[in-house]
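Hydrogens, waters and symmetry mates are skipped; everything else that's a heavy atom, side chains included, is used. Naming: A, B, ... by sequence-line order, numbering from 1 per chain.
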Number of protein chains: 2
Amino acid sequence: MDVTEPVTLKSLASELGLNVSTVSRIINAEPGTEAKWASPQTIRRVRELAGARGYARNPHAASLRTSRSDLVGVIVPRLQDYVLATIYEGIDAAAEACGRMTVVANSLDDPTRQRLRTEALLARRVDGLIFGDASLDSPYLDELAARGVPLTLVSRRRSGHVSVTCDDVAGGRLAASHLLSTGRQRFAVIAGAQYASTTVDRAGGFLEMLEEHGVGGSDVDIHYAGFDAPAGQAAIAEILAAHARPEAVFAVNDFAAIGAIGALQALGISVPDDIAVVGYNDTPIAEAVNLTTVRSPMVEMGRLSFEKLLSLLDNRGAESELLAPELIVRSTA
Amino acid sequence: MDVTEPVTLKSLASELGLNVSTVSRIINAEPGTEAKWASPQTIRRVRELAGARGYARNPHAASLRTSRSDLVGVIVPRLQDYVLATIYEGIDAAAEACGRMTVVANSLDDPTRQRLRTEALLARRVDGLIFGDASLDSPYLDELAARGVPLTLVSRRRSGHVSVTCDDVAGGRLAASHLLSTGRQRFAVIAGAQYASTTVDRAGGFLEMLEEHGVGGSDVDIHYAGFDAPAGQAAIAEILAAHARPEAVFAVNDFAAIGAIGALQALGISVPDDIAVVGYNDTPIAEAVNLTTVRSPMVEMGRLSFEKLLSLLDNRGAESELLAPELIVRSTA
DNA sequence: ACGTTTGCCGCATACGTTTGCTTAATTTCT
DNA sequence: AGAAATTAAGCAAACGTATGCGGCAAACGT
């Protein structure tokens, strides 16, 4: 189409009668340091021409030279999951704010796929990685860290790595204490996958609080399902098949909670009169169906996990962080 | 950490006593053509060493040389939207299958942001772009195309561009004809943004079918809202404030439909007995709440939009495609 | 026997940046 | 006034890959 030849440092330089290096330094100088490299009027001339010609640095050439891509890879279980999509949005916003770009991939919580996609990102020379799918089981992340790959975790923690998570134990406790305060005594938990710290911590905090109030044993029925609506539906079937019908259900995920509510209503069981339901995350859908839930700061987690990674990349070190959850009482519990 | 020096074509070549070019050709040869470049045993030696040393092409260097990045940019309104996340998944799967990578960005349906993010992707030298946020208003896409940027559209169409969409007019007709068949006579439509072809086509098809059955005028009440649950809630408030209460509501989006259902139930209005509700897309949440909806082939749309782009990149041309929707009858209509 | 094809491979250059080192002119210091 | 320091640039070498072209054998054809 247009055969207009590319505008490069060289083309700018030759048009200005300058050397490439001078132009490069002027364009790349941190604001304030330009004066170190050229006279004010040269700086002006360069900037003007660059603007006029619409110069844009060739990132491939730059990366080749500097061996930094200004790219960070993000691995999530699945972007279809609203929670992870939102966390990713936080990450991407933070990256955008400092001129970097993110590349995201789904692992589907499959170790093989996680490894595959990660290696693909590394082959593309990302500077670092953020994992939203850390598993308590798999040692792959440890291996990566040992290889010297800069990485942080988000949403799920794993010991030995910098992570930014919601204080899920506290979140579980919030849910429990609310349900106890409404007089419920028999409980069921719809948990997610056992390899996820979110499952373990939320359910753990919940049980912990119950025990502190003398509730336990056969009065609490825990089911490991998935993180989506169908999983919630299925879990309800199992729960109701058990001996004692619970008075309240804690789902570690809003979508599972909504699936559960759907299943209950289909059976003519009233929520919250017969069975109360509490979810987790406070996604918009929770508000839409008036679900009582525990809010987790998703965007903030994403943002922070990126900043921590940046910190690692700059050799400034970083510490894990635990963000506070908040109970949002609506009409299902 | 490990100061192990990078494994490059050069390092492989020197270790093998070969020239870089030979190694390059062997490694990059299309399967089957290797024999053109070297003797069988040389090929074996190269491949073995490359494997042993874990050679991975430096994509920056390659891109610099070839001026192709094997990267495609994807712009969507918002990844938090399940529909777009799923479409993106289809795109990414297709890209992965042919060794390319995708970079995604949210435009939030804001023209300024769309332009900003697109230019950022172009600055990163993506080979082409897929837009999931095409607007019927904004001429930006036309401008891009005029600049010679290869692009395709997905989910939303715009004349003059290659797009892969659901046949939304047909989808709207399906919804209408189902509601008519259940005897409903007064309707409301919860539409999305007017600049989106999905809104226009779905609502348009719906109205078209109603008119063919002699329904129109004050018997159909159309509300332009958004694509999420809160928008559905808000729309219900407006709709019920109007003179005649409808017997059925068609929401052009499942999430809006669910918001609507939530709002109706909160008012003690029974679905579907008092008011029937039909959604669009058949997201998992629809199944969970037993929503009658129109299924659109999201993953397939994504996949195809990528293939079309690939086709354009290879100068093989491409045609727009319209995929068939399917009515999924559940219990809300 | 001599020219031609074929198989196998090396040479060299270019892609666009970044950055350590130099240089030439000008200013400042003593 | 002469030495030293500063200013304002230029030179050149990488970074790792892809690719047109050339070369040198050995095999082939007549």
Discussion item. With no hydrogens and no angle check, just 3.5 Å: does a side-chain donor-acceptor pair link B:Y88 and B:T102?
Written reply: yes

Worksheet, complete the sentence: Sorted by position of nearest nucleotide on DNA chain C, 5' first, the leading residue of A:K10 and B:N19 is B:N19

Practice prompt. Indicate yes or no: does B:R117 engage B:D133 in a salt bridge with an N to O separation below 4.0 Å.
Written response: no

Discussion item. Between A:L309 and A:V72, is there a side-chain heavy-atom distance shorter than 4.5 Å?
Written reply: yes

Fill in: Nucleotide pairing, DNA chain D (Watson-Crick or G-U, distances under 3.5 Å), in dot-bracket with [ ] and |
||||||||||||||||||||||||||||||

Fill in: Of residues 21-30 of chain B, the positions that come close to DNA chain C - non-hydrogen atoms, cut-off under 4.0 Å
B:S21, B:T22, B:R25

Discussion item. Without decimals, in angstroms, what is the distance between B:L9 CG and C:dT13 P?
Written reply: 19 Å

Worksheet item: Once you round it to whole Å, what is the distance between P of C:dC9 and CD of B:E34?
Response: 13 Å

Discussion item. Tell me the interatomic distance from B:L64, atom CG, to C:dC15, atom P, rounded to whole angstroms.
Written reply: 9 Å

Worksheet, complete the sentence: B:L122 meets the side-chain contact (heavy atoms from CB on, under 4.5 Å) criterion, sequence neighbours left out, with B:T118, B:E119, B:V126, B:L129, B:L144, B:R147, B:V149

Discussion item. Can you tell whether the side chains of A:E96 and B:R113 come within less than 4.0 Å, N to carboxylate O?
Written reply: yes

Discussion item. Testing the basics here: between A:R57 and A:A62, what is the closest heavy-atom pair and its distance to 0.1 Å?
Written reply: CD-CB, 3.7 Å

Worksheet item: CZ of B:R68 versus P of D:dG16: gap in Å, rounded?
Response: 21 Å

Fill in: Heavy-atom donor-acceptor pair, B:T86 side chain to B:Y82 backbone, under 3.5 Å
yes

Item to complete: Output yes when A:R303 and A:E300 qualify as a salt bridge under the 4.0 Å nitrogen-oxygen rule, no when they do not.
Response: yes

Fill in: Length of the line joining B:W37:CH2 and D:dT19:P, which is rounded to integer Å
10 Å

Discussion item. Let me spell it out: for each of B:R125 and B:A38, pick the nucleotide of DNA chain C with the closest heavy atom. Which residue's pick is nearer the 5' end?
Written reply: B:A38

Worksheet item: Do any pairs count as a side chain to side chain donor-acceptor pair (under 3.5 Å) and have a residue in residues 12-23 of chain A, sequence neighbours left out, and if so which ones?
Response: A:E15-A:R53, A:N19-A:S21

Fill in: DNA chain D-proximal residues of residues 39-60 of chain A, any heavy atom under 4.0 Å
A:S39, A:T42

Worksheet item: For B:S138, which residues count as a side chain to side chain donor-acceptor pair (under 3.5 Å) partner, sequence neighbours excluded?
Response: none

Fill in: Closest nucleotide among D:dT19, D:dT17, C:dG10 to the B:T66 side chain
D:dT19

Worksheet item: Please give, in whole Å, the distance from C:dG16 P to A:E15 CD?
Response: 16 Å

Worksheet item: Whole-Å distance between D:dA8 P and A:L16 CG?
Response: 17 Å

Discussion item. Check this for me: does any side-chain nitrogen of one of A:R156 and A:D109 sit under 4.0 Å from a carboxylate oxygen of the other?
Written reply: yes

